[in-house]
Structure formats: structure tokens, C-alpha cells
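Worksheet for the structure shown next.
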There are 4 protein chains.
Amino acid sequence: MNKVILVGHLARDPEVRYTQSGKAVASFTIAVNRNFGGTPEQREADFIPIVAWERLAETCGNNLTKGRRVLVEGRMQVRSYETAEKQRRYVTEVIAQNIEFLDSRKQGGPETGAAPADMSSFGKDVFPDEEIPF
Amino acid sequence: MNKVILVGHLARDPEVRYTQSGKAVASFTIAVNRNFGGTPEQREADFIPIVAWERLAETCGNNLTKGRRVLVEGRMQVRSYETAEKQRRYVTEVIAQNIEFLDSRKQGGPETGAAPADMSSFGKDVFPDEEIPF
Amino acid sequence: MNKVILVGHLARDPEVRYTQSGKAVASFTIAVNRNFGGTPEQREADFIPIVAWERLAETCGNNLTKGRRVLVEGRMQVRSYETAEKQRRYVTEVIAQNIEFLDSRKQGGPETGAAPADMSSFGKDVFPDEEIPF
Amino acid sequence: MNKVILVGHLARDPEVRYTQSGKAVASFTIAVNRNFGGTPEQREADFIPIVAWERLAETCGNNLTKGRRVLVEGRMQVRSYETAEKQRRYVTEVIAQNIEFLDSRKQGGPETGAAPADMSSFGKDVFPDEEIPF
DNA sequence: TTTT
DNA sequence: TTTT
């Protein structure tokens, strides 16, 4: 069991890259507000990096922009890499398995009078044997 | 919503420290196996740092040791700090809100014939204004 | 571990009642859409009864109306009762521990130009020794 | 989002049935202890019906017996049916998407000296167009 | 730096 | 480095 559920706003537009073998990888950061328990003034947030693969990556690239609100279901993953100075460094990311778009419509899009619709995209749980491209 | 649920084994004994004001803080790492979906041979794990506060910290210190299996419910938190070389560095931890001890008894303890009992400790969600002591 | 996380729309206005001892209890039903995986046309939903206690109950009564979208975190509870015909019947409800209001503003309220704000209410986990009043 | 995570013990052996088209369906009930917050004596439990489909159903039938401890990840589903007396009745079940077997070995099986192994079975999220057979 |  |  390695389950993460987050609701937050995109802190920046998603970047979509492709692995050697052509798999799409989207990455972005979401700001998850905390402090609901504290005084409502001092709003703080955790900025959490999200990674999505394949079809889900493409859906993110096509539909999400900075500021949009999403619910992300995924798992925590710790990646390690080596710096130019031969130091081991660790990165923690959430590998998205499922993302729900919580805003009714894409930002900037024409506000249709239609009832707000949930959008949702599913991705199976991938453990690709390829590196996440930087 | 910032929710994490993990099941894993302690990769090391918990360390319990105290803040200036005397709050207990336990920290340890759990190994969460992945790859259940892949070939069963290549076992890999994510090593995820856990932080518990106050009463829950003390329960961890008194009851958990390396190797024990736990279910951790908490939230992801990203902390930043500055290195001696004035570089900003980020650490991601899970702040535990609730831990269930999934083994029947403490390691090494006398195996009582008693029915295995779930142990569980609850901690309220703390956002202390104090630093996590290193 | 008994954890439920749902996102859905209120199928009716909340009803707030009070126990003998004066504890507030709110109950309502949310419609949780499914079928995202299936053909997008055939929308179906699960109608899931939610119960909130005390301060959280009052927040629900004061802020939620039919149609509003919420994220509910809670636990599943099965209650049994006896019918007039002496038959045992079972009801499954979600006891809310935390509710996030996912719409920017209360329904019918004046649409302020202000940035949409997340509202959130917390309730501790109650296992009251009192019946849920019908 | 319709997510349920439960840890409990099987209250009875799973029953495996087959639909018209040959799909396996396992059903069983798990006892999820509560009251951790209350006095530790008065142990109470919620008895929650679980349904698993296809490959996951078969894994349950082959590996689970009364008393075993499991972690169930799934979604809540409300089914309605009509009694012989033409009354509409509702059943709430958890449709399992993933089950982790939390005991090292099958009950009654020879206690091997081998290191306890997590077993895990995955099922995709099915919304079959067939009835759950009684 | 790691668990079973 | 950040969102509302």
C-alpha cells in the first residue's frame, strides 16, 4: 500500500517530455494548502511535484494549466541521482495514477452555460524501466 | 486534502528527539515495497521518511524497532533548508497522523499465546511552529 | 484503518437534528459519479449517505445545499435496527471526519469577484454513545 | 473519487460464484475494529461486505479463509433490488480493486521458516454489466 | 545509509 | 522557483 491523495492548484504549467522509446511523461507541481487547522490568515502550502505517464501525461499536457485545481491520486516515489560533484541526491515525487480536474472548464476557455462536468483520466500503474527525462 | 497511506517495514529504529519547548519528535524511515505488478523477482522499495509528534512520537519510540511492519496515515510535507554552502535543499517527509502496528507483538518480545491485537495510536494533526530538530 | 474519501454532489439539502444531550447531527446524501472508465454517455452514480456530528454538522447545515460539490473524508459504519415487523435491517453510512467544500461560493450567494476560496471544516473522530436521531 | 481503504479480518470464508458469462465473483465480509479512540475494552467492529471480480476473485477464493487479515482498497457501491414483497432494498458493498494479505501465511498452512512475504493481487476497476449472483 |  |  502506497497511496497518496492530494487536492491542490497547479503552481506552473505541465511540461511534457518523451522518453527514448517515445513514452510521454508530464511533470508539474501542485500547491496544497495547509493550515486549515491554524489561523486562517497564515496560508501556507506544500509544493509537491507530480509525474504522469503515457495517456495520462498527454491528458495533463492538453488540459491543465497553471492555477487549475486538481485531485491527484498516486503513489510516493523516491528517486536518487548523482550530482556533477558525485553527491547522491534524493527527489520525492508523486506518480499519478488518476487525476480529476476539479474546475468546470479549462482556464480561458469559453464559459459554457452547461452544467459543470467532472473530467477524469485514468492511467494504469506504471513502473517503467526508463528514466524520467529531465 | 493531503492524505498519505503507506504500509511498510521500519528500515531503522526510530530516533526520538525533543524540541526547545519539550515536544517529542520521532523520525524513522519505512521501506515500502513496490513492483507487485511487475515480475515478482525484482523487488524494489521506496524508503520514505516518517515524522511523528508528541504522544504519537513517544508511542513510536516505545514500541517500534527496525523491521516492524506498520501502516502509516499522514500527510506529505516539503521542508526546505539551507546548506553550509548557502544552497537551498528540499526534504519531503510524511507527517504521521495515525500509525497502526501490523505485527502482533514487539520484535523479540515473548510470544504470548494471546490473540494478536492491533495496536493503534492517534495524534492530532499538528503544524508546530517549531523546527524539527536534527 | 477504515478510511473513505469521496467526491460528489449533494443530492439533497442537509438535515440537522439534535440528540437528547444536544449534539448536532447532520445527514445528507451525495451522488458520486462513476463510469469514468466506461463509455462517457451512460453516467451512473452511487448515492451515499453521509453523517456529520457536532461542529462539523453545524458547518454543513450552514454552508451546504443541494447540488454543492464536496470532498468527504470519513469512515464506513454499518448500523442495524429493527423494523416494526421485527426484522433486522442494516444501514451503511459514511461518518464524516473532514469535509472540503469544492465550490468557490455558496449556491445562490452573490458571485463575488474575489478569488475562489477553499473552505474546510474539521471534526474529530466521534463514536458517540447516542443513537443517530431519525 | 470514490476510494475506500479498510484493514480487517475475514468474518467468514469467501464464497466464489460465477456469472452467466463465466466471470468469477468472490464475496465475503470483513470485521473492521473501531473504538481505538474509546475505552480499549469495549471492542466493536463494523462488518463490511466485500466483492471481488475475476482474477482477484479467484485469488481470494484460493488464499483467504475466515480469520485472515487483509487490507482492502476499493470503492463503495450501492446496489438496489426488489424483495418478493415488491419492496426496494439497498445494499452497500465495497468493490475491491486491490487486496493485500497481511498475514505471512495461509491459516492452518505449515509455518515455513521462510521470511514472511507480502502477497498482493491487483484487479482493474470493473463495472460489469452483469448482476452480482446471489 | 536501509525493510521483509 | 511557485497555486487559490
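Chain A is the first sequence line, chain B the second, and so forth, proteins listed ahead of strands; every chain is numbered from 1.
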Worksheet item: Do side-chain atoms of Arg69(A) reach the backbone of Leu102(C) as a donor and acceptor pair under 3.5 angstrom?
Response: yes

Fill in: Gap between atoms CG and C1', on Leu6(A) and dT3(F) respectively (whole Å)
13 Å

Practice prompt. State which of dT3(E), dT1(F), dT4(F) makes the closest approach to the side chain of Phe47(B).
Written response: dT3(E)

Worksheet item: Choosing from dT3(F), dT1(E), dT3(E), which nucleotide comes nearest the side chain of Arg88(A)?
Response: dT1(E)

Discussion item. Rounded to whole Å, please give me the gap between CG in Leu10(A) and C1' in dT3(F).
Written reply: 8 Å

Fill in: Exercise: do Gln77(A) and Arg75(A) side chains pair donor with acceptor under 3.5 Å
yes

Item to complete: Figure out the CG/P separation between Asn33(A) and dT2(F), and round it to whole Å.
Response: 14 Å

Worksheet item: CD1 of Ile50(A) versus P of dT3(F): gap in Å, rounded?
Response: 16 Å

Discussion item. Strictly below 4.0 Å, N to O, side chains only: are Glu82(B) and Arg89(B) in salt-bridge contact?
Written reply: no

Worksheet item: So which nucleotide from dT2(F), dT4(E), dT3(F) ends up closest to the side chain of His9(B)?
Response: dT4(E)

Worksheet item: To the nearest Å, how far apart are Leu102(D) CG and dT3(E) P?
Response: 21 Å

Discussion item. Counting only side-chain heavy atoms from C-beta out, which of dT2(E), dT1(F), dT3(F) sits nearest to Tyr90(B)?
Written reply: dT1(F)

Worksheet item: Would you say Asp103(B)'s side chain and Arg68(B)'s backbone share a donor-acceptor pair under 3.5 angstrom?
Response: no

Worksheet item: Could you give the CD1-to-C1' distance, from Ile30(B) to dT3(E), as a whole number of Å?
Response: 10 Å

Discussion item. Tell me the interatomic distance from Phe101(B), atom CZ, to dT4(E), atom P, rounded to whole angstroms.
Written reply: 17 Å

Item to complete: Rounded to the nearest angstrom, tell me the gap between atom CZ in Arg68(B) and atom C1' in dT4(E).
Response: 10 Å

